[in-house]
2 protein chains.
Amino acid sequence: MFETIQAMAEPTRFAILQMVRRREMPAGEIALKFKAITRPAVSQHLRVLKDAGLVSERRQGTRRLYRLRPEGFGPLKNLLEDFWDSKLERLKAAAEKQEKRRS
Amino acid sequence: MFETIQAMAEPTRFAILQMVRRREMPAGEIALKFKAITRPAVSQHLRVLKDAGLVSERRQGTRRLYRLRPEGFGPLKNLLEDFWDSKLERLKAAAEKQEKRRS
DNA sequence: CACTTACGTTAGCTTAAACTAACATATTGG
DNA sequence: CCAATATGTTAGTTTAAGCTAACGTAAGTG
């Protein structure tokens, strides 16, 4: 799950994830969207994302189509929801304290 | 929100977040938990986490107490839930396709 | 006020990760 | 098979981020 965070924590990769969120995209088209980043660099980033399970790869002829793989984010999503719960727990604790004071 | 990801994407900082999840901890106690990381290094990590809004700092005499700040994870949590929704959308689309074929 | 405790800060070094350039592979069309 | 297209791979360089050592600060203690 930490691999997920590391894969996301790079500006180019983060941008790629947004691109392949809704529609499947070939590597070349993804690379064209970037002004200052070369195609090989994008290719390497795609590999990192694929290894982390955050995108899927499908070959169609000479092309390789990439797409977001939502399941890959599951564990991290759960962790953040746990963190969020800490907030609710505190609100609950504060409310109980308040209740005690009143009685 | 990208700052959130970058702050989390470092092993020591990630470990610190777990530590201060439930209880408030002074900087020194946090540093002691690590075998191979010095106190100044931990101090720098705490600063990054604080700047990203992921932990709160409270001063008590000469001590500084740190604690998880759940609100800081809100935006990232929302993003991951959006990513997750992509999965549900596809399942829905697939189900509709199936339905069409049947009729 | 001097001393200690608990931390933070900064300049400079070190290392890991991203990038580039050149080359490799795989599919399609003629 | 040859050429073109689309993409991946790798060795070596560059750069950003973490670390260390030394110093600075602020609150409590005798």
Side-chain angles (χ1 to χ4, degrees), chain A residues 1-21 23-69 72 76, chain B residues 1-21 23-69 72 76:
Chain A
M1 183 210 46
F2 186 63
E3 197 187 7
T4 308
I5 305 176
Q6 292 204 101
M8 292 180 77
E10 202 281 330
T12 305
R13 288 199 293 265
F14 191 68
I16 293 174
L17 291 174
Q18 316 287 337
M19 291 182 195
V20 300
R21 172 167 169 16
R23 61 196 182 91
E24 213 172 22
M25 280 176 77
E29 192 184 340
I30 295 170
L32 281 175
K33 299 273 183 185
F34 296 100
K35 291 177 182 177
I37 296 157
T38 61
R39 198 187 49 69
V42 170
S43 186
Q44 285 172 348
H45 285 309
L46 284 169
R47 191 202 216 304
V48 173
L49 291 172
K50 192 187 149 202
D51 287 352
L54 303 188
V55 301
S56 62
E57 182 194 297
R58 185 169 70 94
R59 301 191 187 191
Q60 190 182 35
T62 148
R63 297 209 168 127
R64 300 202 187 183
L65 301 168
Y66 293 88
R67 179 167 70 163
L68 193 76
R69 195 171 160 278
L76 179 57
Chain B
M1 184 210 48
F2 185 62
E3 196 186 8
T4 307
I5 304 175
Q6 292 204 101
M8 293 180 77
E10 203 281 330
T12 306
R13 287 199 293 266
F14 191 69
I16 292 174
L17 290 174
Q18 316 288 336
M19 290 182 195
V20 299
R21 170 163 169 23
R23 61 197 182 92
E24 214 173 22
M25 280 176 76
E29 190 183 340
I30 294 170
L32 281 174
K33 298 273 182 185
F34 296 100
K35 290 178 183 176
I37 296 158
T38 61
R39 197 188 50 70
V42 170
S43 187
Q44 286 174 348
H45 285 309
L46 285 169
R47 192 200 214 305
V48 174
L49 291 172
K50 192 187 150 202
D51 287 351
L54 304 187
V55 300
S56 62
E57 182 194 297
R58 185 169 71 95
R59 301 193 187 188
Q60 192 182 35
T62 147
R63 298 211 168 129
R64 301 203 187 182
L65 301 169
Y66 292 89
R67 178 167 70 163
L68 193 76
R69 194 171 160 280
L76 179 57

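Below, chains carry the letters A, B, ... as their sequence lines are ordered, and counting in each starts from 1. All values derive from a computational prediction rather than experimental measurement.
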Chemist: Which pairs, with at least one residue in residues 3-21 of chain B and sequence neighbours excluded, count as a side-chain hydrogen bond (donor to acceptor under 3.5 Å, both in side chains)?
Modeler: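 As it turns out, the side-chain hydrogen bond (donor to acceptor under 3.5 Å, both in side chains) pairs with a partner in residues 3-21 of chain B, which skip direct neighbours, are A:Ser86-B:Arg21, B:Arg13-B:His45.
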
Chemist: Just the rounded figure in Å: distance from P of D:dG8 to CG of A:Leu49.
Modeler: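 My rounded result for the distance is 12 Å.
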
Chemist: Give every residue pair that meets the side-chain hydrogen bond (donor to acceptor under 3.5 Å, both in side chains) criterion with at least one member in residues 23-39 of chain B, sequence neighbours excluded.
Modeler: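 Every side-chain hydrogen bond (donor to acceptor under 3.5 Å, both in side chains) pair that includes a residue of residues 23-39 of chain B, provided the two are not neighbours, is B:Arg23-B:Glu29, B:Glu24-B:Arg58.
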
Chemist: Restricting to ring pair (Phe, Tyr, Trp, His ring centres under 6.0 Å), what partner residues turn up for B:Phe34, sequence neighbours left out?
Modeler: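 Residues passing ring pair (Phe, Tyr, Trp, His ring centres under 6.0 Å) with B:Phe34: none at all.
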
Chemist: Return a single string for nucleotides 19-30 of chain D, one symbol per nucleotide in 5' to 3' order, where B is base contact, S is sugar-phosphate-only contact and - is none, cutoff 4.0 angstrom on heavy atoms.
Modeler: BBBB----SS--

Chemist: Give the minimum heavy-atom separation between B:Gly53 and B:Arg69, together with the two atoms involved.
Modeler: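 Closest approach of B:Gly53 to B:Arg69: O-NH1, 2.8 Å.
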
Chemist: Looking at A:Tyr66, I'd like to know whether one of its side-chain N or O atoms comes within less than 4.0 Å of OP1 or OP2 on D:dA6.
Modeler: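 For A:Tyr66, the contact criterion (side-chain N or O under 4.0 Å from OP1 or OP2 of D:dA6) is not met.
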
Chemist: Give me each pair satisfying salt bridge (Lys or Arg N to Asp or Glu O under 4.0 Å) with a member in residues 41-51 of chain B, each pair once, sequence neighbours excluded.
Modeler: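 Checked against salt bridge (Lys or Arg N to Asp or Glu O under 4.0 Å) - neighbours excluded - the pairs reaching residues 41-51 of chain B are B:Arg47-B:Asp51, B:Lys50-B:Glu57.
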
Chemist: So, for A:Leu46 and A:Ala27, which heavy atoms are closest and what is the spacing to 0.1 Å?
Modeler: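 Between these two residues, the closest heavy atoms are CD1-CB, 3.9 Å.
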
Chemist: B:Asp51 CG to D:dA17 C1': how many Å, rounded?
Modeler: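 Rounding to the nearest Å, CG of B:Asp51 and C1' of D:dA17 are 15 Å apart.
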
Chemist: Does the side chain of B:Phe14 reach to within under 4.5 Å of the side chain of B:Met8, using non-hydrogen atoms?
Modeler: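 Sidechains of B:Met8 and B:Phe14: in contact.
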
Chemist: Does anyone know the first and last nucleotide of DNA chain C in reach of chain A, 5' to 3', at under 4.0 angstrom to a heavy atom?
Modeler: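 That gives a stretch of C:dA18 to C:dT28.
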
Chemist: Please list, chain by chain and in numerical order, all residues satisfying salt bridge (Lys or Arg N to Asp or Glu O under 4.0 Å) with B:Arg67, sequence neighbours excluded.
Modeler: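 By the salt bridge (Lys or Arg N to Asp or Glu O under 4.0 Å) rule, B:Arg67 matches no residue at all.
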
